[in-house]
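Below: the structure, in structure tokens.
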Amino acid sequence: MKRGTPVLCGLLLTAAPVVLPAQENPTLRRAQEAYDELDFAGAITYARRALQERLSRGDRVIAYELLGYTYGALDSARQAVEAFRELIYLDPDREPDVERVSPRITSLYASALGQVLVVRRVSVDSASFVAGQGSVPVRFAVSRASRAVTRVVGEGLDLVIDSQLVAGASQVNWQALTEGGDPVPPGIYQVVVTAVEGRNEFAVPVEVTVRHGSVDTVPHLTSLPGYTEQPEFETPPRNWRPFGIALLSTGLAAGAAIALEHGDLESGERHELGGVSAAVLITGLVMSLKKPDPRPVPANILYNQLLREQLAQRNAEIASQNADRRRQVMLTIVPSGGAGP
Amino acid sequence: MRKVLGGLCLLALAGSGVAGAQTIRFGVHGVSLTHNEVKKEKGADGTGFGGVTELRVGRLHFEAKVYHAQLSPWLESDTVEFKATQLDIRVSFRVAPGIALEAGGGRRWIRPELAAQEVGFIRLGAVSENQVARIASVWVRGAYLVRPQFGGGGEAGLAVELGLGAGVGTANGRFRVRAEYEFQRIDRRSYPQGLEIKVPIQMAVARFGVELGLW
């Protein structure tokens, strides 16, 4: 620690991370304790010593992060950047918490990030889609402008699905199809994003599981949405037309018959005429009093016919679609592993 | 009589052989008959039975009816009862909704002969049939009788007939009841020894019966 800058150090310390994940290595633990007690020289010594021991990857990440923070606190920018570069190579997605560390350390980290070529924040969304009709997005970011090659490896396949010049964040859509256009077989795959810049390259794989399923068929329609069949028959209101016709017919026939009777043959007894006239009138009266017969409604019949034709056509289309769907494969892609270099 | 029955059988066979027929009906009727001739006191009435064969094909309607009745004179002096048998054939063609033109013929036999006049005629007329409900219809008909021929000779001036009827049946047309009235007036004139004598004939028939439809 530079003694001439106690105020600055105090400011930096108040902003530095106080709590780091627990370490398994004793030397690294002592380095952390020294850092917590503001013994930066001790923290550097123990962290360097720990790095020479057999450390787990997580402990190495913590050691370099501790060095980066400590050198940052001591205003040793070059060494801080070096420590952060090692940290970024080990864990590209690990970043200082901007809410908890000082802007200086954040800027040192950014400076280190600009000096290395890494692929960061690689992720594959979970997705389900019909093979050939959808894709799953693969998102990533590169630390420097470079060519990003995205490959899928596994189940006997090694397919390059995309290769493009990228700066910053990018996205590739994977259709999960083979070169022949068939859906990839079910299994576990590695989606590998490799950033290439000259001789430098950095690859990050993400493990995904591909599952096959059947495509849901569409149920047939029993009615068209928004349309309802109309009644094809309607019962007209009761009316006196039948009785009127019977009365008119009877009056006409009886009047004519009486008028046409020969004057010499008039007997005055008209049993036949009376009997049948009464029968006709009763028929008309009963037909008027009884509930009228339902009558067909031509417009509604035509409407319903068109509706049924439309329904049949729609169901035929659905049947055709379902036949296609039964031949299709529903692909479900789920990320199953973490990212890592 | 044999000719009449033979004719009916032929009609029935002809009707049953028409594959595209819309309706073929056969029916039996009870008949009430009043027959007048010469003057109003010289009348007779009685009852009998009859039958009908009906065929409808599109706008064409064919009908053959027959009845046989026993008549009793009104006057006690005319003690001779007689039997009347009449065959009527009608063919009508619908020219407009509810209106049809009708043509046909008729023949009435009297036994014993000369108890009343036997008559044969051709008819030309029209019929108006109204379907007052899906199961019921009412009809009115009128016809002019062309050149009636009489057993006792003579000729006719005015010769007309009128009809009124109603039928009610099941919706499928299998069964129907019918009530029908027919009135006939023939102003017959005879010329015995060159002298014109007016001998008008008037007849009224009421039929009530049941019919069975085959198609």
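Chain letters run A, B, ... following the sequence lines, proteins first and then strands; every chain starts at 1. Here the structure is a predicted model, which is why all the values come from computation and not from measurement.
- Looking at B:Val132, both its backbone and its side chain come within 4.5 Å of chain A, counting heavy atoms on both sides.
- Screening B:Gln86, B:Glu54, B:His29, B:Glu182 against B:Lys65 for a side chain to side chain donor-acceptor pair (under 3.5 Å) leaves a single residue, B:Glu182.
- Heavy-atom distances place the side chain of B:Val160, and not its backbone, under 4.5 Å from chain A.
- Only the backbone of B:Ile201 comes within contact range of chain A, with heavy atoms under 4.5 Å apart.
- Between B:Arg141 and B:Glu102 a salt bridge is recorded (basic side-chain N to carboxylate O distance below 4.0 Å).
- A:Asn304 contributes atom CG, which lies 8.0 Å from atom CD1 of A:Ile301 (distance to the nearest 0.5 angstrom).
- Side-chain contact between A:Leu157 and A:Pro185: present, with at least one pair of heavy atoms (C-beta onward) separated by less than 4.5 Å.
- Only the side chain of B:Arg185 comes within contact range of chain A, with at least one heavy atom under 4.5 Å from a heavy atom of that chain.
- Atom CZ of A:Arg308 sits in a crowded spot, with more than 12 heavy atoms from other residues, nucleotides or ligands closer than 6.0 Å.
- Proximity to chain A (any heavy atom under 4.5 Å) is shown, for B:Asp45, by neither the backbone nor the side chain.
- With sequence neighbours excluded, the residues satisfying side chain to side chain donor-acceptor pair (under 3.5 Å) with A:Ser128 are A:Thr332.
- Between atom NE2 of residue B:His68 and atom OG1 of residue B:Thr47 there is a gap of 10.5 Å, rounded to the nearest 0.5 Å.
- Identified by a heavy-atom distance below 4.5 Å to chain A, the contributing residues of residues 116-130 of chain B are B:Asn130, in residue-number order.
- Only the side chain of B:Leu162 comes within less than 4.5 Å of a heavy atom in chain A; its backbone stays farther off.
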